[in-house]
Engineer: 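So that we are looking at the same thing, I have put the structure below in structure tokens.
Positions are given from 1, in the same order as the sequence printed here.
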Amino acid sequence: MNNETEVSQREMLKIIGLFRKNGFKGEYESFERSKEVEGEYLIVVTDENTHIKGLFKANPSKDMVSFQHVLNDHNTVA
């Protein structure tokens, strides 16, 4: 991996599986490893039904997905 926040394809598949298990369907736009919490990821997802883009935190080892906030043209992930 090139940098510490890069997420492998295997990790992405685990995260997508976790989202699906929790009923989320949509387009996964970005995956980034959290700099603050080991095993936690930041994911940008656009909902399949509403087309609303949101930022989520996911931790596959804790079987946890949590919504952070809605993203629009003025909000981006830093």
Engineer: Can Val7 be reached from Val37 by stepping across I, L, V, M, F, W or Y side chains whose heavy atoms are under 4.5 Å apart?
Structural biologist: no
Engineer: Side-chain contact test, heavy atoms from C-beta onward, threshold under 4.5 Å: evaluate it for Ile43 versus Ser30 and give yes or no.
Structural biologist: no
Engineer: Is there side-chain contact between Val44 and Lys53, with heavy atoms separated by less than 4.5 Å?
Structural biologist: yes
Engineer: Can you name the side-chain contact (heavy atoms from CB on, under 4.5 Å) partners of Gln68, sequence neighbours left out?
Structural biologist: Leu55, Lys57, Ser66
Engineer: Looking at Arg33 and Glu6, does any basic side-chain N land under 4.0 Å from a carboxylate oxygen?
Structural biologist: no
Engineer: Does Tyr41 reach the side chain of Asn59, with side-chain heavy atoms less than 4.5 Å apart?
Structural biologist: no
Engineer: Please tell me if the side chains of Thr46 and Tyr28 come closer than 4.5 Å, counting only heavy atoms from C-beta onward.
Structural biologist: no
Engineer: Under the 3.5 angstrom rule, does the side chain of Asp47 hit a backbone N or O of Asn49 as a donor-acceptor pair?
Structural biologist: yes
Engineer: Give the minimum heavy-atom separation between Pro60 and Gly39, together with the two atoms involved.
Structural biologist: CD-O, 3.7 Å
Engineer: Mind checking the CD-CD1 spacing from Glu11 to Ile16? Nearest 0.5 Å is all I need.
Structural biologist: 12.0 Å
Engineer: Where is the tightest heavy-atom contact between Glu32 and Lys35, given as atom of each residue plus distance?
Structural biologist: OE2-CE, 4.3 Å
Engineer: For Ala58 and Phe19, work out which heavy atoms get closest and say how close.
Structural biologist: CB-CE1, 4.0 Å
Engineer: Could you tell me if the side chain of Lys21 sits less than 4.5 Å from the side chain of Asp63, heavy atoms only?
Structural biologist: yes
Engineer: About how many Å separate CZ of Phe24 and CZ of Phe56, when rounded to the nearest 0.5 Å?
Structural biologist: 4.5 Å
Engineer: Compare all side-chain heavy atoms of Met64 with those of Glu40 and state whether any distance is below 4.5 angstrom.
Structural biologist: yes
